[in-house]
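For reference, the structure is listed below as structure tokens.
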Amino acid sequence: MIAIYPGSFDPITLGHLDIIERGCRLFERVVVAVLRNPNKTPLFSVQQRLEQIRISTSHLANVEIDSFDGLTVKYAQMRQAQVLLRGLRAISDFEAELQMAHTNKTLAAHVETVFLATSNEHSFLSSSVVKEIAKFGGSVDHLVPQHVALDIYRCHTKTP
Ligand code: PNS
């Protein structure tokens with residue numbers, strides 16, 4: 001079974017990586033799919049994010065990295081994937097994630113959303129939190145893969 005793990009990944013965090021690793025144990029193939037979103041001004045370009053994810057997941061045999069635009073379910077159907085994989089951190093995620101899952105179900109009845117509860121140590125973690133900490137000069141070494149932390153410090157011209 002193929003699972004699509006869609007998201008912005010600006011940048012990938014250890015929380016995302018945890019979901020990818022666990023997804024890889026559950027599904028034959030996990031496609032990490034970066035949304036090309038013209039409505040957002042990201043810290044990293046899609047190319048940079050794809051490269052960050054590629055390096056972060058190089059230890060996993062059944063992962064693929066791609067980008068897409070438009071509807072996630074259309075992309076999932078194009079890839080003949082049966083599952084959309086999402087991580088759930090806290091109650092605060094639940095409403096938006098449930099709405100997204102229901103909406104996607106109305107668009108493609110055969111594509112199932114599977115939620116994995118994030119591990120406890122990542123339950124507070126998001127790309128936005130990482131960017132906020134780095135912006136004010138804090139260390140993000142414990143929140144993202146090491147090479148991603150270096151990319152972030154380079155953006156903020158701060159050495160670790
Ligand atoms: O990492 P994010 O920003 O939480 O990911 C959100 C994402 C990319 C999964 C979501 O915004 C999405 O699927 N966007 C594509 C457009 C779409 O399919 N919308 C319908 C679902 S409501």
Side-chain angles (χ1 to χ4, degrees), residues 1-24 26-27 29-57 60 63-135 140 142-145 147-149 151-152 155:
M1 204 175 267
I2 300 174
I4 306 289
Y5 182 36
S8 307
F9 304 105
D10 184 41
I12 185 170
T13 68
L14 293 182
H16 293 130
L17 193 54
D18 174 52
I19 297 293
I20 297 168
E21 285 171 346
R22 289 159 60 204
C24 280
L26 293 172
F27 301 103
R29 174 167 288 265
V30 173
V31 180
V32 183
V34 178
L35 176 67
R36 290 194 296 270
N37 189 346
N39 301 324
K40 276 193 183 174
T41 311
L43 181 61
F44 295 107
S45 70
V46 169
Q47 275 317 314
Q48 284 174 307
R49 283 178 269 161
L50 291 172
E51 182 63 6
Q52 288 168 345
I53 299 167
R54 192 189 61 74
I55 296 170
S56 309
T57 59
L60 299 167
V63 75
E64 192 185 317
I65 295 110
D66 197 6
S67 62
F68 74 104
D69 47 28
L71 290 174
T72 299
V73 286
K74 282 253 156 103
Y75 174 73
Q77 285 170 326
M78 194 265 286
R79 296 303 313 262
Q80 299 187 320
Q82 300 86 345
V83 168
L84 297 179
L85 180 63
R86 294 286 288 170
L88 262 190
R89 285 168 300 194
I91 292 289
S92 50
D93 277 346
F94 189 75
E95 200 174 334
E97 289 296 334
L98 198 65
Q99 184 184 31
M100 201 150 65
H102 282 309
T103 307
N104 284 334
K105 196 79 177 153
T106 67
L107 296 170
H110 298 296
V111 178
E112 297 290 348
T113 300
V114 171
F115 294 113
L116 287 184
T118 53
S119 303
N120 254 347
E121 69 263 39
H122 302 129
S123 58
F124 67 96
L125 181 51
S126 70
S127 299
S128 310
V129 161
V130 166
K131 284 183 279 192
E132 174 104 353
I133 294 170
K135 190 168 137 190
V140 294
H142 57 305
L143 305 176
V144 296
H147 59 95
V148 175
D151 287 347
I152 295 172
C155 280

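For ligands, and for the atoms within them, numbers begin at 1 and follow the listed sequence.
- No more than 12 heavy-atom neighbours from other residues, nucleotides or ligands sit within 6.0 angstrom of CE on Met1.
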For ligand 1, output the ligand-protein N/O contacts shorter than 3.5 angstrom; if there are none, return none.
unit_1	atom_1	unit_2	atom_2	d
ligand 1	1 (O)	Ser8	N	2.9
ligand 1	3 (O)	Ser8	OG	2.6
ligand 1	4 (O)	Arg86	NH2	3.0
ligand 1	5 (O)	Arg86	NH1	3.4
ligand 1	13 (O)	Thr72	OG1	2.5
ligand 1	18 (O)	Thr72	N	2.9

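- Residues in residues 81-91 take part in these side-chain hydrogen bond (donor to acceptor under 3.5 Å, both in side chains) pairs, two or more places apart or across chains: Arg86-Glu97, Arg89-Asp93.
- Applying the salt bridge (charged side-chain N to carboxylate O under 4.0 Å, His left out) criterion to Lys105, with sequence neighbours excluded, gives Glu112.
- Using a cutoff of 4.0 Å between basic side-chain nitrogens and carboxylate oxygens, Asp10 and Lys40 are not scored as salt-bridged.
- Not counting sequence neighbours, Glu132 has no partner by the side-chain hydrogen bond (donor to acceptor under 3.5 Å, both in side chains) test.
- Judged purely by atom type and a 3.5 angstrom limit, Asp18 has no side-chain atom pairing as donor or acceptor with the backbone of Leu14.
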